[in-house]
Amino acid sequence: MRFQSPRGTEDILPADAHRWQRLEREFFELSGLYGYREIRTPMFEDIELFKRTSGETSDIVSKEMYDFVDKGGRHLCLKPEGTAPAMRAALEHNLIQPNQPLRMSYAIPFFRYGRPQKGRLRQPHQMGLELVGSASPAADAEIIEIVAKFYERVGIGKVRVMINSIGRAECRAKYREVVLSHFGGYLKDASDDDRAKAISNPLRLLDTKDSNAAELKSTIPPILNYLEDESKAHFDQLQELLTEAEIGFGIAPDIVRGLDYYTDTVFEVVSDQLGSGQSSLCGGGRYDGLIKELGGAPTPSVGVGMGMERALLVLEALGIQWEDRRPAVYVVRATEDAAQTCRELARRLRSAGLETHLDLDDRKMAHQLKQADRLGAKWAAMIGTDELAAGTVTLRDLSSSVQSVVPMSELVAKVKS
RNA sequence: GCGGAUAUAGCUCAGGGGUUAGAGCGCCUCACUGUGGCUGAGGAGGUCGUGGGUUCGAGACCCAUUAUCCGCCCCA
């Protein structure tokens with residue numbers, strides 16, 4: 001019986017792992033410059049945490065959770081997103097203090113039970129940021145700035161961040177009626193999906209792909225027209241701040257977000273390089289009501305999640321290749337009597353911080369050189385009877401084939417130069 | 001969750017009822033017993049995704065199942 005990885009999961013193989021490491025390194029380095037520090041929370045949580053925060057009617061909670069009951073009868077689930085667990089942990093450990101913004105970052109797998117496709121998995125990964133404790137549009141701008149800088153830094157280039165505001169609860173309630181009456185006629189013979197949306201979350205009618213609704217979508221007045229003064233001012237200031245930071249953005253009135261906890265600012269970065277109908281590279285927004293919902297003092301906050309496999313997919317589509325580290329030296333045992341000396345030299349090279357390879361299986365010299373070549377080693381350090389007697393190493397530059405004889409004592413220095 | 005397509009060597013793919021299933025690339029050996037890449041000659045590697053069925057005979061046809069891909073849903 002041969003096993004496969006479970007549906008919708010992927011193995012990250014040794015030849016590819018460096019790309020993931022690089023992505024995470026760039027992410028933590030960049031966000032660290034803004035003061036973000038990593039938080040690591042458990043892979044599973046009490047299922048109620050997500051029902052409370054994302055909302056019972058959200059797609060995540062209503063049909064995409066990997067939930068289970070453990071042997072102690074606890075109803076748990078693999079985390080379907082990163083924000084709620086981070087906030088639960090922050091509250092549990094009293095990390096949230098008045099007038100002290102809390103900045104947290106993470107790179108995590110998360111879990112959603114859906115139909116897999118390219119760029120859409122059951123165990124995807126995301127890099128997330130949470131900025132807790134500021135109501136200022138400067139907080140929204142900070143998160144968006146990091147996102148924009150991140151994509152630029154890894155080579156995806158300048159991205160256009162699409163922003164919208166969905167206001168506060170009253171505004172949304174008002175707008176919900178606007179949407180329902182605007183789409184009223186259409187809903188009579190709309191798809192089951194869209195009719196279900198009309199009941200569970202009318203705002204999501206805005207992103208229906210039904211061609212019959214295209215005109216209605218284009219003629220509906222945007223939610224921005226219904227924002228309260230405060231939300232309107234917030235949104236305007238955010239735009240000024242983004243302009244000041246020279247971040248390219250556009251306004252997309254149809255970005256609505258499927259989770260209940262968002263308020264005011266919502267945003268995403270899209271790419272046309274993803275294929276499979278997937279376009280979202282990252283998504284985020286402000287969630288001023290979430291912490292209160294979890295029993296904490298009302299605390300305004302903003303966050304974002306950036307999809308890792310989607311970033312990698314775009315990088316690949318752009319033809320951007322990241323080189324893995326390569327061995328510095330392959331120590332070649334030319335004759336059997338040099339075996340011990342070869343091992344000793346290899347140890348010395350590694351102590352000096354140089355990746356060094358050695359044949360384990362008494363292969364002939366030609367084979368060892370072939371391995372060295374295949375591994376992409378810079379140098380082959382060859383030792384046989386002659387070198388043993390002279391206390392030297394024959395050092396070959398594998399790309400130029402230039403060869404020289406150096407004393408063993410100078411090997412490390414020569415290779416490092 | 002709904003609709004469609006696909007599954008043959010490590011990889012990319014041919015073979016569409018009839019002996020022992022093929023190619024390119026990759027891998028191993030030798031030419032080259034102390035020198036990789038290039039070349040040449042050999043070689044290894046497949047329960048044809050899995051399980052049933054039809055047939056004298058199935059990699060091929062039928063059914064089921066699993067996985068992947070595409071569309072919907074949704075998002076990262």
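Throughout, a chain's letter reflects where its sequence line sits, starting with A, and its residues are numbered from 1.
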May I ask you to verify if any side-chain N or O of [X] is less than 4.0 angstrom from the OP1 or OP2 atom of [N]?
| X | N | answer |
| --- | --- | --- |
| A:Arg122 | B:A76 | no |
| A:Lys364 | B:C32 | no |
| A:Arg396 | B:G34 | no |
| A:Gln117 | B:G71 | yes |
| A:Arg257 | B:A76 | yes |

Which part of the nucleic acid does [X] contact within heavy-atom distance under 4.0 Å: base, sugar-phosphate only, or nothing?
| X | value |
| --- | --- |
| A:Ser54 | nothing |
| A:Gly8 | sugar-phosphate |
| A:Arg374 | sugar-phosphate |
| A:Ala366 | sugar-phosphate |
| A:Tyr113 | sugar-phosphate |
| A:Arg204 | sugar-phosphate |
| A:Leu121 | base |

Handout entry: For B:G16, glycosidic torsion class - syn if within 90° of 0, otherwise anti
Key = syn

When rounded to the nearest Å, what value does the distance between [atom1] atoms of [N] and [M] take?
| N | M | atom1 | result |
| --- | --- | --- | --- |
| B:U39 | B:G34 | P | 25 Å |
| B:U19 | B:G57 | C1' | 11 Å |
| B:G37 | B:A23 | C1' | 25 Å |
| B:C38 | B:G22 | C1' | 27 Å |
| B:G4 | B:C62 | P | 15 Å |
| B:U66 | B:U50 | P | 15 Å |
| B:G49 | B:U6 | P | 13 Å |
| B:G45 | B:C28 | P | 15 Å |

For [N], give the paired nucleotide (Watson-Crick: N1-N3 plus N6-O4 or O6-N4; G-U: N1-O2 and O6-N3; both under 3.5 Å), or none.
| N | value |
| --- | --- |
| B:C72 | B:G1 |
| B:C61 | B:G53 |
| B:U39 | B:A31 |
| B:A44 | none |
| B:U6 | B:A67 |
| B:G17 | none |
| B:A23 | B:U12 |

Practice task
Report the distance from atom CD1 of A:Ile143 to atom CG of A:Leu129, rounding to the nearest 0.5 Å.
Solution key: 5.0 Å

Starting at [atom1] of [X] and ending at [atom2] of [N], how long is that distance when rounded to a whole Å?
| X | N | atom1 | atom2 | value |
| --- | --- | --- | --- | --- |
| A:Arg120 | B:C73 | CZ | C1' | 8 Å |
| A:Leu398 | B:C38 | CG | P | 14 Å |
| A:Ile255 | B:A76 | CD1 | P | 11 Å |
| A:Glu268 | B:C75 | CD | P | 9 Å |
| A:Tyr330 | B:U35 | OH | P | 16 Å |
| A:Arg7 | B:G49 | CZ | P | 18 Å |
| A:Arg363 | B:C28 | CZ | C1' | 8 Å |
| A:Asp373 | B:G26 | CG | P | 13 Å |

Exercise for the section: Pick out which of A:Lys232, A:Arg286, A:Arg168 makes a side-chain hydrogen bond (donor to acceptor under 3.5 Å, both in side chains) with A:Asp264. Expected result: A:Arg168

Classify the side chain of [X] versus the base of [N] as yes if they form a donor-acceptor pair under 3.5 Å and no if they do not.
| X | N | value |
| --- | --- | --- |
| A:Thr385 | B:G34 | no |
| A:Arg310 | B:C75 | yes |
| A:Glu387 | B:G34 | yes |
| A:Gln403 | B:U35 | yes |

Between [X] and [Y], does any side-chain N to carboxylate O distance fall below 4.0 Å?
| X | Y | result |
| --- | --- | --- |
| A:Glu268 | A:Arg257 | yes |
| A:Asp260 | A:Arg172 | no |
| A:Arg74 | A:Asp46 | no |
| A:Arg88 | A:Glu45 | yes |
| A:Arg103 | A:Glu142 | yes |

Of the nucleotides [options], which one has an atom closest to the side chain of [X]?
| X | options | result |
| --- | --- | --- |
| A:Lys118 | B:C69, B:A76, B:G1 | B:C69 |
| A:Gln4 | B:A76, B:A67, B:C74 | B:A67 |
| A:Lys370 | B:G34, B:U29, B:G37 | B:G37 |
| A:Met382 | B:G34, B:G37, B:G1 | B:G34 |

Exercise for the section: Please work out which of the three classes, parallel, tilted or perpendicular, describes the rings of A:Tyr330 and A:His357, given edges at 30° and 60°. Expected result: parallel

Exercise for the section: By nearest nucleotide on RNA chain B, pick out whichever of A:Gly283 and A:Gln371 is the more 5' one. Expected result: A:Gln371

Practice task
Return the 5'-most residue of the pair A:Met306, A:Met365 with respect to RNA chain B, ranking by each residue's nearest nucleotide.
Solution key: A:Met365

Practice task
Please test A:Tyr262 against A:Tyr287 for ring-ring contact (aromatic ring centres under 6.0 Å, His included), starting from the C-alpha separation and ending with a verdict.
Solution key: CA-CA 4 Å; A:Tyr262 286 110; A:Tyr287 50 92; 7.1 Å; no

